[in-house]
J.: 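Would you mind keeping the following structure in view while I ask a few things?
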Amino acid sequence: KRICWARAHGLDKFFWSLIVDRHAFMGATDSFFNSIGLVGDGEYNNEPVPAGTASGFNARRPSYWAFKLLAEHVDTNLAASLGPLAWTNDSTRWGYAYQRRTDGRRAFVLWTAGGAQDLTVSVTGTGVRVVDLVKADEAGTPLDSRRAAAQAGQVTLTVGDNPLLVVEE
């Protein structure tokens, strides 16, 4: 959400300063900042140990996989930002469009606040791939990925708080 909103409002660089947790931030082993990285240090705050690992050291959090997918589909070197969708109101619904530089297909990132809403995007082609950016297993495999067919050049999706990556097929 932060990357998409900021990019649409003029931010052209995102610095990955918090990709790894802080370690005993300001001397506190229970600091919030010890648990906000995309990759865990496995040291503090009783974090769960991901399945298939011996410790939480270098454990990739769900947000890591969301950032990875965003980087693969909407990063500035791969896609041009087309800005917010017409129905974006910055209070209950957000939608941002990007056009991939290699093939011209578009990708969208959508989310809502205050409950699920049906949102419609105009698309080219027969459908889209929809991925919930929050739901992934420890290996980064999306747990909610599906195809949605287009009807008369549009796709309507039920969108909630979890951002969805929607890519034209």
J.: What I'd like to find out is whether the side chain of Tyr98 reaches to under 4.5 Å of the side chain of Val109, using heavy atoms alone.
T.: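 Yes; the side chains approach each other to less than 4.5 Å.
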J.: Same cluster for Leu165 and Trp94 if Ile/Leu/Val/Met/Phe/Trp/Tyr side chains link at under 4.5 Å?
T.: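 Yes; tracing contacts between hydrophobic side chains, which count when under 4.5 Å, links both residues.
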J.: Between Asp103 (side chain only) and Arg105 (backbone N and O only), is there a donor and an acceptor less than 3.5 Å apart?
T.: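 Checking the backbone N and O of Arg105 against the side chain of Asp103, a donor-acceptor pair under 3.5 Å is found.
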J.: Is the backbone N or O of Ser122 less than 3.5 Å from a side-chain atom of Arg106, with the two atoms forming a donor-acceptor pair by type?
T.: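 Present.
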J.: Kindly give the heavy-atom pair with the smallest separation between Val130 and Leu164, and that separation in Å.
T.: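 Smallest heavy-atom distance, with atoms named: CG1-CD1, 4.0 Å.
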J.: Can you list everything that forms a side chain to side chain donor-acceptor pair (under 3.5 Å) with Asp118? Sequence neighbours excluded, please.
T.: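 So Asp118 forms a side chain to side chain donor-acceptor pair (under 3.5 Å) with Thr158.
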J.: Supply the atom-to-atom distance Leu133 CG to Phe67 CZ, rounded to the nearest 0.5 angstrom.
T.: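 If we round to the nearest 0.5 Å, Leu133:CG and Phe67:CZ are 10.0 Å apart.
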J.: Restricting to non-hydrogen atoms, name the atom on Gln99 and the atom on Gly104 that form the minimum distance, rounded to 0.1 Å.
T.: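 The pair with the smallest heavy-atom distance is NE2-O, 3.0 Å.
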J.: Between Arg101 (side chain only) and Thr76 (backbone N and O only), is there a donor and an acceptor less than 3.5 Å apart?
T.: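 Judged by distance alone, yes, a pair lies under 3.5 Å.
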J.: For the residue pair Thr112 / Thr92, report whether a side-chain donor-acceptor contact shorter than 3.5 Å exists.
T.: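 The answer is no; no qualifying pair exists.
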J.: Hey, any chance Val167 and Val159 share a hydrophobic cluster, counting ILVMFWY side chains that come within less than 4.5 Å of each other, even indirectly?
T.: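 In one cluster: no.
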J.: Can you confirm whether Leu110 sits close enough to Val121 that some side-chain heavy atom of one is under 4.5 Å from a side-chain heavy atom of the other?
T.: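 Heavy-atom side-chain distance check passes, below 4.5 Å.
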J.: Determine yes or no for a side-chain-to-main-chain donor-acceptor pair under 3.5 angstrom, with Trp87 supplying the side chain and Gly95 the backbone.
T.: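 No: the side chain of Trp87 does not pair with the backbone of Gly95.
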J.: Might you point out which heavy atoms bring Ala149 and Val155 nearest each other, and give the distance in Å?
T.: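 Heavy atoms only, the tightest pair is O-CG2, 3.9 Å.
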J.: Just wondering, are more than 12 heavy atoms of other shown residues or ligands nearer than 6.0 Å to CD in Glu72?
T.: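 Enclosed: over 12 neighbouring heavy atoms sit under 6.0 Å from CD of Glu72.
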J.: Using every non-hydrogen atom in the two residues, find where Ala113 and Ser91 come nearest and quote the distance to one decimal.
T.: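 Looks like CB-O, 4.2 Å.
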J.: Can you check whether Arg93 reaches Leu85 side chain to side chain, under 4.5 Å on heavy atoms?
T.: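 Heavy-atom side-chain distance check fails, nothing below 4.5 Å.
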J.: Nearest 0.5 Å please: distance from the CZ atom of Phe108 over to the CG atom of Leu119.
T.: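 Reported to 0.5 Å precision, the distance equals 12.0 Å.
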J.: What I'd like to find out is whether the side chain of Thr156 reaches to under 4.5 Å of the side chain of Thr120, using heavy atoms alone.
T.: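 With C-beta onward as the side chain, the pair touches.
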J.: Just so I know, are the side chains of Thr124 and Glu168 near enough to count as touching, which here means a heavy-atom distance under 4.5 Å?
T.: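 They are in contact (side-chain heavy atoms under 4.5 Å apart), so the answer is yes.
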J.: So which atom in Val74 and which in Ala107 form the shortest heavy-atom distance, rounded to 0.1 Å?
T.: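 Answer, listing the atom of Val74 first, then Ala107: CG1-CB, 4.1 Å.
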J.: State the OG1-CG distance between Thr102 and Leu78, to the nearest 0.5 angstrom.
T.: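 Rounded to the nearest 0.5 Å, the OG1-CG separation comes out at 7.5 Å.
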J.: Distance only, no hydrogens: is a donor on one side chain within 3.5 Å (strictly under) of an acceptor on the other, for Thr126 and Arg147?
T.: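 Arg147 and Thr126 do have a side-chain donor-acceptor pair below 3.5 Å.
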J.: Atom CG in Leu69, atom OH in Tyr64: separation rounded to 0.5 Å?
T.: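 If we round to the nearest 0.5 Å, Leu69:CG and Tyr64:OH are 10.5 Å apart.
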J.: Return the minimal non-hydrogen interatomic distance between Trp111 and Asp161, and the atom names on each side.
T.: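 The answer is CB-O, 3.9 Å.
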